[in-house]
Structure formats: C-alpha cells, structure tokens
Amino acid sequence: CRWHQPMEMLVDEEIVYVQSRDICEQGIGLVAKREMALDQKVRVRRGPSEPWVNCRVAHVTQTIGAFKVGVELAFDF
C-alpha cells in the first residue's frame, strides 16, 4: 500500500534521510540518495521521537539521481 513519509535510516552509525514509497507486513520501499549493500542491517524510524525498527536491505535498484531500496522488517536481531 502507498505510504509517502519522510524517514530516517541508520546506516553504519550514520543517519540517512530517505523517503518511503510503500509499506506492507514484510517491509518498506524507500528512496535514498545513498547506495546500500544487499543484506545490510539498517534501522528506520519516522522521526527523532519514534523508536528505531530493525531491517535488512532486501534489494537496491539505481534510478536517476537516487536508489530504490527495499527493506525487510527484521524483528529477530
């Protein structure tokens, strides 16, 4: 389902600002200015007052000026 929301992603202890595109039970589709590695562990949240959610990078597709990133919600690590 469509869900356009600015979000923060914690990648290697660096906060990266991303835009969500969609969300489902398994994960979130994001657009980022930075490339990420497959299976990389990251955390996402809607803003500074929200808790971090553990995720795993499931796919990355380069587009014009950005990367489409699919993260799988990972409640086990």
Side-chain angles (χ1 to χ4, degrees):
C1 101
R2 293 185 155 233
W3 189 58
H4 296 275
Q5 175 79 33
M7 299 184 76
E8 295 178 347
M9 177 183 281
L10 189 62
V11 182
D12 298 327
E13 304 304 318
E14 174 190 354
I15 294 179
V16 177
Y17 296 96
V18 298
Q19 179 70 38
S20 67
R21 300 177 58 229
D22 52 60
I23 188 169
C24 67
E25 299 91 23
Q26 294 86 16
I28 306 170
L30 305 164
V31 176
K33 297 283 185 188
R34 177 178 179 211
E35 186 173 16
M36 288 158 223
L38 289 178
D39 294 321
Q40 184 172 10
K41 292 180 181 176
V42 297
R43 294 173 153 194
V44 296
R45 68 181 179 184
R46 290 190 304 171
S49 63
E50 300 288 331
W52 288 107
V53 176
N54 293 327
C55 298
R56 177 188 70 84
V57 176
H59 70 81
V60 179
T61 304
Q62 187 172 6
T63 64
I64 297 172
F67 295 89
K68 290 182 181 176
V69 180
V71 296
E72 179 181 79
L73 302 177
F75 298 106
D76 59 328
F77 68 89

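Every value quoted in this text rests on a predicted model; they were computed, and no experiment measured them. Note that the numbering runs from 1 along the sequence shown for the chain.
At least one donor-acceptor pair closer than 3.5 Å links the side chain of S20 to the backbone N or O of Q5.
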Trace of the side-chain contact (heavy atoms from CB on, under 4.5 Å) decision for I28 with E72: CA-CA 7 Å; I28 306 170; E72 179 181 79; over 6 Å; no
Candidate pair R43 and V71, rule side-chain contact (heavy atoms from CB on, under 4.5 Å), full reasoning: CA-CA 9 Å; R43 294 173 153 194; V71 296; over 6 Å; no
Q62 and E35: CA distance, side-chain angles, deciding distance, side-chain contact (heavy atoms from CB on, under 4.5 Å) verdict: CA-CA 8 Å; Q62 187 172 6; E35 186 173 16; 6.0 Å; no
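Here E8 does not pair with R46 in a salt bridge; the nearest charged N to carboxylate O distance is not below 4.0 Å.
With a 4.5 Å cut-off on side-chain heavy atoms, V69 and V31 do not count as touching. R45 has its side chain out of reach of M9: every pair of non-hydrogen atoms, C-beta onward, lies at least 4.5 Å apart.
In this structure, CZ on R21 lies 10.5 Å from CD on Q19, to the nearest 0.5 angstrom. Expressed to the nearest 0.5 Å, how far CG of L73 lies from CZ of R56 amounts to 11.0 Å.
R34 and M36 get closest at one heavy-atom pair: O-CE, 3.5 Å. Taking both residues in full, the closest heavy atoms of L38 and A58 are given as CD2-O, 3.5 Å, listed atom of the first, atom of the second, then distance.
Of the options V11, L30, L10, V18, a side chain to side chain contact (heavy atoms under 4.5 Å, CB included) to V44 is made by L30 and by none of the others.
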